[in-house]
Amino acid sequence: MSLSTQPYKGTRDFYPEDQRLLNYIMWCWTEVVESFGYEQYNAPMLEPIELYSAKTSEEIVNEQTYAFEDRGGRKVTIRPEMTPSVSRMVAARRQELSYPLRWYSIPNVWRYERPQRGRLREHWQLNVDMFGVAGIEAELEMIQIADAIMQRIGAKRTDYEIRINSRKLLDKRIKASGVKSDVASVIRIIDRYDKTPRDDIVKMLATVVDEPEKLLKSLEQDGPSAEVKQLQDRLEALGITVVTTETLARGFDYYTDIVFEVFDTDPENNRAMFGGGRYDGLVGAFGAEPVPTIGFGMGDVTLANFLQAHKLVPALSCETDLYAVLIGDVYDAAQAPITALRQADITVAVDSTGRKLDKQIKAADKKGIKHVLFVGEEELASGTYRIKNLQTGKEEALTIPEIIKQLG
Ligand code: HAM
């Protein structure tokens, strides 16, 4: 029996054309967050399991982690998210770091989920977090960044909706409805509000609160808190419209105040593309002095779906500028002019197969490389090379400095 060529369930192979789209997404993310002064950090992809048991959502810890024992008997987890790791890093150097910290990372994260549109078992996730600002300016900046990313990828403001809520307000309303066990289990149910029929939500709520109908009505009808309203007004003044959504919960246990999510308004792809919020208690959970913190995470899968749904995927072609077609046995002699081109930042791939010229040219065309450069004994002797643009068919005879001038 031969081995399967399929990647592991819920994961993806990135062929060069797929990787190009991922690189484009990452490049847009990086450009925007760095323009706001965010610095990149990283952390190991394995963490001790306890890191997540403390504060991540129960669903993720119990049902979605890739957890195993290492050869030394330590229980470890492949990171399902970055927030606990970054909080651990800040806690470890709580006193030395200079605040506010503006940090970002783009880790590959793993969750054992049921694969479906927009949800896989691994994805790349931009994490943007700010440590050390307690005021609402931190919320303003986070949502400004979220909006700037959407603008950077070419989205129209009507293509997406930014929803905000307050966990504090949610907590207050939940507590007023007679909590049977803990607020976190109520939050987990409300987190499903958008995807679940209302009657089912009421039934589920009845198991955790005394007055489920009253709670839902208050969430649906009583409007936002003054703090949320103020955030909305200040964003509006910056040209960013947000919708206050009192049923917005976000599943994680660590959020403490404002939470937000960005939704695709396309009915085919109506899901959260990214989300985050304030989580003031996580650094303190490591025994360090607490620090006010806010951040969000945004995945490549949902964003790629968004780009496709709104026809915003740019034409991304092979990055190689030139394909050197060798005429005869000139491989060694061709290296000098080719190296000169590379040193001038022109990217060159050499056809070293010795096959017929038309086959070499066809290969360049199939790879989407725009130019072929013919290198034979004659060209090497004269220092003038034929270069052909495969898209226009135009052919010219140029010296290496002339090629550098034209393509560089
Ligand atoms: P999250 O909402 O679980 O938040 O994930 C953030 C984003 O990652 C989602 O909106 C989605 O784009 C993407 N994502 C999550 N799970 C999957 C999946 N199974 N497949 C594809 N994409 C997925 C967090 O992870 C928080 N740690 C974010 C955060 C950072 N909060 C504060 N700082």
Side-chain angles (χ1 to χ4, degrees), residues 9-12 22 25 29 33 38 41 43 47 51-52 55-61 63-66 78-90 101-131 138-139 141-143 145-146 149-150 153 160-163 165 167 187-188 191-192 194-195 248-264 269-283 291-307:
K9 184 173 176 181
T11 71
R12 299 160 289 170
L22 180 63
I25 288 173
W29 284 343
V33 298
Y38 283 69
Y41 69 93
E47 290 279 7
L51 189 68
Y52 306 100
K55 284 271 179 181
T56 300
S57 84
E58 203 177 68
E59 184 190 16
I60 287 192
V61 173
E63 295 164 28
Q64 298 183 349
T65 45
Y66 279 86
I78 304 178
R79 60 184 170 208
E81 58 156 340
M82 198 65 169
T83 311
S85 303
V86 70
S87 303
R88 176 176 62 68
M89 285 169 67
V90 173
L101 302 175
R102 288 185 164 89
W103 285 7
Y104 82 94
S105 61
I106 309 181
N108 189 227
V109 298
W110 288 73
R111 295 182 192 174
Y112 194 81
E113 295 207 52
R114 190 169 61 78
Q116 54 189 293
R117 184 175 163 83
R119 283 233 125 28
L120 296 177
R121 290 186 170 172
E122 58 78 31
H123 69 279
W124 294 89
Q125 192 189 76
L126 169 70
N127 277 258
V128 185
D129 293 275
M130 189 200 280
F131 296 82
E139 274 80 356
E141 180 165 311
M142 280 299 140
I143 294 173
I145 294 172
I149 290 173
M150 296 310 291
I153 60 161
Y160 60 98
E161 183 175 287
I162 305 173
R163 300 180 187 168
N165 192 20
R167 269 287 184 94
I187 298 251
R188 257 168 252 139
D191 189 40
R192 301 194 209 151
D194 261 353
K195 299 165 225 148
L248 177 69
R250 304 255 324 128
F252 296 96
D253 295 350
Y254 49 64
Y255 292 117
T256 51
D257 198 345
I258 297 291
V259 285
F260 68 94
E261 239 163 30
V262 179
F263 278 75
D264 188 346
N269 195 37
N270 198 286
R271 58 162 59 249
M273 284 185 290
F274 50 114
R278 186 170 274 287
Y279 56 104
D280 288 343
L282 213 44
V283 170
V291 54
T293 310
I294 185 166
F296 70 83
M298 172 172 200
D300 70 307
V301 181
T302 37
L303 193 66
N305 286 346
F306 179 89
L307 293 174

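When a ligand or atom number is given, it counts from 1 through the structure's own listing order.
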Review point. For atom 5 (O) of ligand 1, what's the nearest protein heavy atom and its distance?
Key: Gln125 NE2, 3.2 Å
Check your understanding: Below 3.5 angstrom, do we get any N/O pair linking Glu261 and ligand 1?
Key -> no
Check your understanding: Taking non-hydrogen atoms only, is Phe306 closer than 4.0 angstrom to ligand 1 via side chain, backbone, both or neither?
Key -> neither
Revision key, fill the gap. In short, Arg167 meets Gly251 closest at the heavy-atom pair NH2-C, 4.1 Å
Check your understanding: Is there a nitrogen or oxygen of Gly276 sitting under 3.5 Å from a nitrogen or oxygen of ligand 1?
Key -> no
Point to revise | Criterion salt bridge (charged side-chain N to carboxylate O under 4.0 Å, His left out) on Glu81 and Arg111, from CA distance to verdict | key: CA-CA 8 Å; Glu81 58 156 340; Arg111 295 182 192 174; 5.1 Å; no
Check your understanding: Who's the nearest protein heavy-atom neighbour of atom 21 (C) of ligand 1, and how far?
Key -> Gly118 O, 3.3 Å
Point to revise | Aromatic contact, Tyr160 with Phe263 (centres under 6.0 Å) | key: no
Review point. To which protein heavy atom is atom 28 (C) of ligand 1 closest, and what is the distance rounded to 0.1 Å?
Key: Gly297 N, 3.4 Å
Check your understanding: Under 3.5 Å between some N or O of ligand 1 and some N or O of Met298?
Key -> no
Practice item. Could you tell me if the ring centre of Tyr104 sits under 6.0 Å from that of Tyr38? Key: no
Exercise for review: May I ask you to check if ligand 1 and Met273 share an N or O to N or O distance below 3.5 Å?
Suggested key: yes
